[in-house]
Student: 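One structure is given below, represented as structure tokens, and several questions about it will come after.
So you know, we letter chains A, B, ... as the sequences are listed, proteins then strands, and number each from 1.
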Number of protein chains: 2
Amino acid sequence: MPKQFEMDAKTFKALSDPNRLMIIETLQNGDKCACKILEELNIVQSTLSHHMKILCDSGLVESNKVGKWMHYVLNKEAFEAARNSLDDIIKKIR
Amino acid sequence: MPKQFEMDAKTFKALSDPNRLMIIETLQNGDKCACKILEELNIVQSTLSHHMKILCDSGLVESNKVGKWMHYVLNKEAFEAARNSLDDIIKKIR
DNA sequence: TCGTCATATCGATAGTTGTCAATGCATTCA
DNA sequence: TGAATGCATTGACAACTATCGATATGACGA
């Protein structure tokens with residue numbers, strides 16, 4: 001199994017949960033701390049932390065700690081890589 | 001939870017398995033019957049059938065029966081929809 | 001230093017997923 | 001019509017996932 005498939009699969013898996021897509025949307029207007037994200041979702045804090053870990057592990061989201069807050073921000077390059085993978089497929093469809 | 005997130009999540013979930021990405025690649029050069037796809041993967045026939053069902057349910061792949069063969073073909077519009085979802089996100093990242 | 005706040009981690013649990021072997025169901029061909 | 005072929009379905013199982021409550025960690029303020 002080529003490594004690229006494994007990597008792309010991991011990215012798409014990170015995108016494959018509705019709550020995570022909602023988290024991504026709340027991050028579209030710039031970085032946010034976890035507590036702000038939590039206000040917009042119907043999940044408890046530990047669940048959010050779980051989802052943030054998956055998003056960070058996939059590379060789609062980056063985090064940096066500021067005082068006692070964790071700031072999360074979307075990683076444009078990672079989204080572009082996923083988009084480009086889909087584009088490569090689309091271009092080859094006759 | 002907005003319905004669009006549920007739909008996009010389902011598409012990305014279909015893309016989140018390396019074997020399915022490999023199936024998609026084998027279909028990039030046009031339609032194929034299941035037995036041809038099977039030759040390129042290290043899985044048994046029932047497992048392939050399972051993956052094809054997930055791909056078809058997501059809309060990424062369409063099938064039509066020709067005699068005793070099932071022909072599978074990539075659905076360009078579905079891939080474009082997924083690509084556009086990612087594009088919408090990318091455009092909003094400052 | 002002590003309590004509080006923000007977040008991560010742990011443990012448990014129900015549900016989902018990927019995989020295979022076995023079987024079923026059409027379709028084709030001899 | 002009976003056997004063979006192509007594919008789907010079923011049942012079983014181990015691995016993974018999403019979720020929660022409880023607890024730990026680490027930073028800040030009083």
Student: Both Asp17(A) and Gly67(A) contact DNA chain D. Taking the nearest nucleotide for each, which residue is further toward the 5' end?
Tutor: Asp17(A)
Student: Less than 3.5 Å between a donor and an acceptor, one on the side chain of Thr47(B) and one on the base of dG18(C), is that the case here?
Tutor: no
Student: Can you identify which nucleotide, out of dA8(D), dT27(C), dA27(D), has its nearest atom closest to the Lys68(A) side chain?
Tutor: dA27(D)
Student: Could you state the atom-to-atom distance from NZ of Lys10(A) to P of dT17(D) in whole Å?
Tutor: 10 Å
Student: Hey, could you give me the CD1/CE distance between Ile37(B) and Met70(B), rounded to the nearest 0.5 Å?
Tutor: 10.0 Å
Student: Round to a whole Å and report the spacing from CG of Asn64(A) to P of dA6(C).
Tutor: 17 Å
Student: Could you say whether Tyr72(A) or Lys13(B) is positioned toward the 5' end of DNA chain C, judged by the nucleotide with the nearest heavy atom to each?
Tutor: Tyr72(A)
Student: Could you give the CG-to-P distance, from Asn42(A) to dA18(D), as a whole number of Å?
Tutor: 17 Å
Student: Going by modelled atom types, is there a donor-acceptor pair between the base of dA6(C) and the side chain of Gln45(A) at under 3.5 Å?
Tutor: no
Student: Can you confirm whether the side chains of Gln4(A) and Asp8(A) place a donor and an acceptor under 3.5 Å from each other?
Tutor: yes
Student: Between Lys36(A) (NZ) and dT7(C) (C1'), how many Å, whole number?
Tutor: 16 Å
Student: Distance criterion of 3.5 Å, no angle test: do you see the side chain of Ser46(A) paired donor-to-acceptor with the base of dA8(C)?
Tutor: no
Student: Counting heavy atoms from C-beta on, name the nucleotide in dC20(D), dT7(C), dG18(C) closest to the side chain of Cys35(A).
Tutor: dT7(C)
Student: Other residues, nucleotides and ligands only: do more than 12 of their heavy atoms fall within 6.0 Å of CG on Asn64(B)?
Tutor: yes
Student: Taking atom CG of Leu48(B) and atom CZ of Arg20(B), what is their separation to the nearest 0.5 Å?
Tutor: 11.5 Å
Student: Would you please confirm or rule out a distance under 4.0 Å between OP1 or OP2 of dT19(D) and any side-chain N or O of His51(A)?
Tutor: yes
Student: So what does Ile54(A) hit on the nucleic acid, given a heavy-atom distance under 4.0 Å: a base, only sugar-phosphate, or nothing?
Tutor: sugar-phosphate
Student: Mind calculating the distance between CD1 (Ile43(B)) and P (dT17(C)) to the nearest angstrom?
Tutor: 17 Å
Student: Please determine whether the number of non-hydrogen atoms from other residues, nucleotides or ligands lying under 6.0 Å from atom NZ of Lys76(A) exceeds 12.
Tutor: yes
Student: With heavy atoms under 4.0 Å as the rule, sort Leu48(B) into base, sugar-phosphate or nothing.
Tutor: nothing
Student: Mind calculating the distance between NE2 (His71(A)) and P (dA8(C)) to the nearest angstrom?
Tutor: 12 Å
Student: Take the protein atom CH2 of Trp69(B) and the nucleotide atom C1' of dC25(C), then report the distance between them rounded to whole Å.
Tutor: 17 Å
Student: Between atom NZ in Lys65(B) and atom P in dT5(D), what is the gap in whole Å?
Tutor: 17 Å
